[in-house]
Amino acid sequence: MADYTGGGQSYPYTRLRRLRASNWSRNLHAEASLSAYDLIWAVILKDGHDVKEPVEHMPGVYRLSPDKAVEAAAMAQGLGIPALALFPYTGTEERSPGGGEALNADNLMCRTASAIKASVPDIGLICDVALDPYTDHGHDGLLEDGIILNDETVDILCQQAVLQAKAGFDIVAPSDMMDGRVGAIRRALETEGLTDTQIMSYAVKYASSFYGPYRGAIGSQNVLQGDKKTYQMNPLNADEGLREVALDLQEGADSVMVKPGLPYLDMVTRVKDTFRVPTFAFQVSGEYAMICAAAENGALDREKTVLESLHCFKRAGADGIITYFALEVAELLAQPA
Ligand code: PBG
């Protein structure tokens, strides 16, 4: 009789390639998964009608007028994308030192949210709470003698968040990095009876060069004075990001975000492992532009690289990803394998 004893947990008895040997086995043993439900589609808006204007450095991304955004929302919903994150292009005429357009109840963001909710009521809508699309200096807060004023900015952000929630946004996402803003916004929403509005905090947001194409997309590129290092985080810091998350949760955030995405995946994992709360990552404009540029010059396969990048977010622990690729990827995922 053959002797079946012996062996153990090492080679040649353990061969990890066994599980990788065929497509069905790789699928069966995949630890993470990606579906359209994981995607939040980042969409840029521009005033007007029937506008679909290409964004520089972001092939496949367009500035959409409200009517086009409604069509986009319907398409997204049809593919299972749960939510859209909207961002407004604002020309220099509508910008001012105090960013007053942010508090115009009839501004582009509010009008678009109402229009989408009127015809695609079941899609989630997310908006930034920050002043950068509306200030003539391009900063997220009020600027006085070269300093970004914290508490004065927070007062305005509270009003902005209330206005946005009333216009139909389901999730307000403070992206400004002022101290104390999440708690203040939560109190403002409660006071207004907006108890079901979610706060997704841009908790771990770095002062990053990867935002370059976005600033062009929303019209901030040539207006931004200086940099955002006095309020956005230093890319060298990780522990500080955990403090940011702890505070935002304490102040009433429902979910938190790490931004940018791929270069900061360590933070996605640390935040998820530490707090076990809904954790999102933003694959920002510069990440989009890099993949597109490499695909256009033939260095990378666009489809495969995009999918891999999103798989990596899921493996790292993200519950979802805000990405300009959302529609394209949802279409891919809808195709039979
Ligand atoms: C504004 C904001 C930025 C992004 C989202 N909201 C840029 C910035 O903080 O300067 C970046 C998005 C992207 O690059 O895709 N607070």
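Start at 1 and go down the list; that is how both ligands and their atoms are numbered.
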Going by the angle between their ring planes, with limits at 30° and 60°, are F87 and Y214 parallel, tilted or perpendicular? perpendicular
S220 and R95 side chains, donor-acceptor separation under 3.5 Å: yes
Test E71 against K68 for salt bridge (charged side-chain N to carboxylate O under 4.0 Å, His left out), laying out the working first. CA-CA 5 Å; E71 287 173 20; K68 288 284 175 193; 3.6 Å; yes
Can you report which non-hydrogen protein atom sits closest to atom 16 (N) of ligand 1, along with the distance? D140 OD2, 2.7 Å
Parallel, tilted or perpendicular, judged at 30° and 60°: which one describes the rings of Y288 and Y324? perpendicular
Can you check whether V120's main-chain N or O pairs, donor with acceptor, with Q77's side chain at less than 3.5 Å? no
Mind checking whether V284 contacts ligand 1 via backbone (N, CA, C, O), side chain (CB onward), both or neither, at a 4.0 Å heavy-atom cut-off? both
Looking only at protein heavy atoms, what sits closest to atom 8 (C) of ligand 1 is K228 NZ, 3.4 Å
Does K205 use its side chain to pair, donor to acceptor, with the backbone of S175 at less than 3.5 Å? yes
With a 4.0 Å cut-off on heavy atoms, does M177 reach ligand 1? no
Regarding Q283 and S309, do their side chains bring together a donor and an acceptor under 3.5 Å, going by distance alone? yes
K259 heavy atoms within 4.0 Å reach ligand 1 at atoms 2 (C), 3 (C), 4 (C), 5 (C), 6 (N), 11 (C), 12 (C)
Looking only at heavy atoms of R215, does any of them come nearer than 4.0 Å to an atom of ligand 1? yes
Identify, by atom number and element, the atoms of ligand 1 in contact range of F282, meaning under 4.0 Å from any of its heavy atoms. 12 (C), 15 (O)
Nearest protein heavy atom with distance in Å, relative to atom 14 (O) of ligand 1: S285 OG, 2.7 Å
Please state which protein non-hydrogen atom is closest to atom 6 (N) of ligand 1 and give its distance, to 0.1 Å? D128 OD2, 2.6 Å
Heavy-atom nearest option to atom 12 (C) of ligand 1, drawn from F87, Y202, F210, Y214: Y214
Atoms in ligand 1 with a heavy atom of Y324 nearer than 4.0 Å: 12 (C), 13 (C), 15 (O)
E287 near ligand 1, heavy-atom distance under 4.0 Å? no
With a 4.0 Å heavy-atom cut-off (strictly under), which part of Y288 contacts ligand 1: side chain, backbone, both or neither? neither
Does F210, at its CZ atom, have more than 12 non-hydrogen atoms belonging to other residues, nucleotides or ligands within less than 6.0 Å? no
Could you find the nearest protein heavy atom to atom 2 (C) of ligand 1 and give me its residue, atom name and distance? K205 NZ, 3.3 Å
Hydrophobic cluster identity match, L332 and L79, side-chain contacts under 4.5 Å: no
Does D176 reach ligand 1 with a nitrogen or oxygen that is under 3.5 Å from one of the ligand's nitrogen or oxygen atoms? no
Test salt bridge (charged side-chain N to carboxylate O under 4.0 Å, His left out) on D132 and R215; report intermediate values, then the result. CA-CA 9 Å; D132 60 301; R215 292 187 185 154; over 6 Å; no
Identify, by atom number and element, the atoms of ligand 1 in contact range of S175, meaning under 4.0 Å from any of its heavy atoms. 1 (C), 6 (N), 16 (N)
